[in-house]
Amino acid sequence: MASAEDLRRLALSLPGTSEAPHFDRIAFRAVRIYATLAPDRLSANLKFTPEEQEFKCLLAPEAFSPISNAWGRQGWTVAVLSPLSDEELRAALEMAWKHGTAKKRR
């Protein structure tokens with residue numbers, strides 16, 4: 001059962017990750033933001049590709065669901081922390097982190 005502290009610990013263990021406020025959330029970024037922790041600390045938004053999002057949502061629908069807006073159609077996914085094991089959360093964060101290390105397009 002993963003928690004907000006687990007998310008923070010795992011995210012900050014990934015190379016180049018920093019933590020900063022982002023509106024009402026806490027953002028984790030490498031070059032770009034790849035995860036944000038909700039104010040209630042029960043869920044996070046993670047950056048996946050649409051294909052990765054579909055896979056995660058099929059694999060663990062109790063934990064993953066697309067954000068219900070244009071961001072969700074781009075792959076941003078809600079992750080409810082409590083159903084996830086430490087290993088599942090780490091795998092999801094590592095997947096999102098890869099997108100956070102991509103250079104910004106000009």
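None of the values given here were measured: they were computed from a predicted structure.
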Arg90 vs Leu93 side-chain heavy atoms within contact, under 4.5 Å: no
Close side-chain approach of Thr36 to Leu46, heavy-atom, < 4.5 Å: no
Answer whether the closest heavy-atom distance between the side chains of Ile33 and His22 falls below 4.5 Å. yes
Under-4.0 Å salt bridge between Arg29 and Glu19: no
Got a salt bridge between Glu94 and Lys98, using NZ or NE/NH1/NH2 to carboxylate O under 4.0 Å? no
Do Phe64 and Leu84 come within less than 4.5 Å of each other through their side chains, counting heavy atoms only? yes
Validation row: Leu89, Leu7 side chains within 4.5 angstrom (heavy atoms): yes
Is the backbone of Gly72 close enough, under 3.5 Å, to the side chain of Gln53 for a donor and an acceptor to pair up by distance? yes
All heavy atoms of Leu58 vs all of Pro61, minimum pair found to be O-CD, 3.7 Å
Please tell me if the side chains of Glu62 and Val80 come closer than 4.5 Å, counting only heavy atoms from C-beta onward. no
If only atom types and distance count, is the side chain of Gln74 paired as donor or acceptor with the main-chain N or O of Trp71 below 3.5 Å? no
Heavy atoms of Ala30 and Trp97 approach each other most closely as CB-NE1, 4.1 Å
I'd like to know if Trp76 and Phe28 are part of one continuous hydrophobic network [Ile/Leu/Val/Met/Phe/Trp/Tyr, side-chain heavy atoms within less than 4.5 Å]. no
Tell me, do Asp86 and Leu10 make a side-chain contact under 4.5 Å, heavy atoms counted? yes
Find out if a path of hydrophobic residues (ILVMFWY) with successive side-chain heavy-atom gaps under 4.5 Å connects Phe55 to Phe48. no
With heavy-atom distances below 4.5 Å as the criterion, would you say the side chains of Asp6 and Leu81 are in contact? no
Please report the shortest heavy-atom distance between Leu37 and Ala4, naming the atom on each side. CD2-CB, 3.8 Å
Return yes if a side-chain donor-acceptor contact under 3.5 Å exists between Thr101 and Tyr34, otherwise no. no
side-chain contact (heavy atoms from CB on, under 4.5 Å) for Lys47 and Arg32? Distances and angles first, verdict last. CA-CA 10 Å; Lys47 174 60 176 151; Arg32 308 176 118 194; over 6 Å; no
Any donor-acceptor pair under 3.5 Å from Ser13 side chain to Ala11 backbone: no
Take atom CD in Glu54; do more than 12 heavy atoms of anything else shown fall under 6.0 Å from it? no
In terms of heavy-atom contacts, Cys57 and Pro66 come closest through SG-CD, 3.6 Å
Yes or no on salt bridge (Lys or Arg N to Asp or Glu O under 4.0 Å) for Asp40 and Arg25, after CA distance, side-chain angles and deciding distance? CA-CA 9 Å; Asp40 65 8; Arg25 303 175 77 84; over 6 Å; no
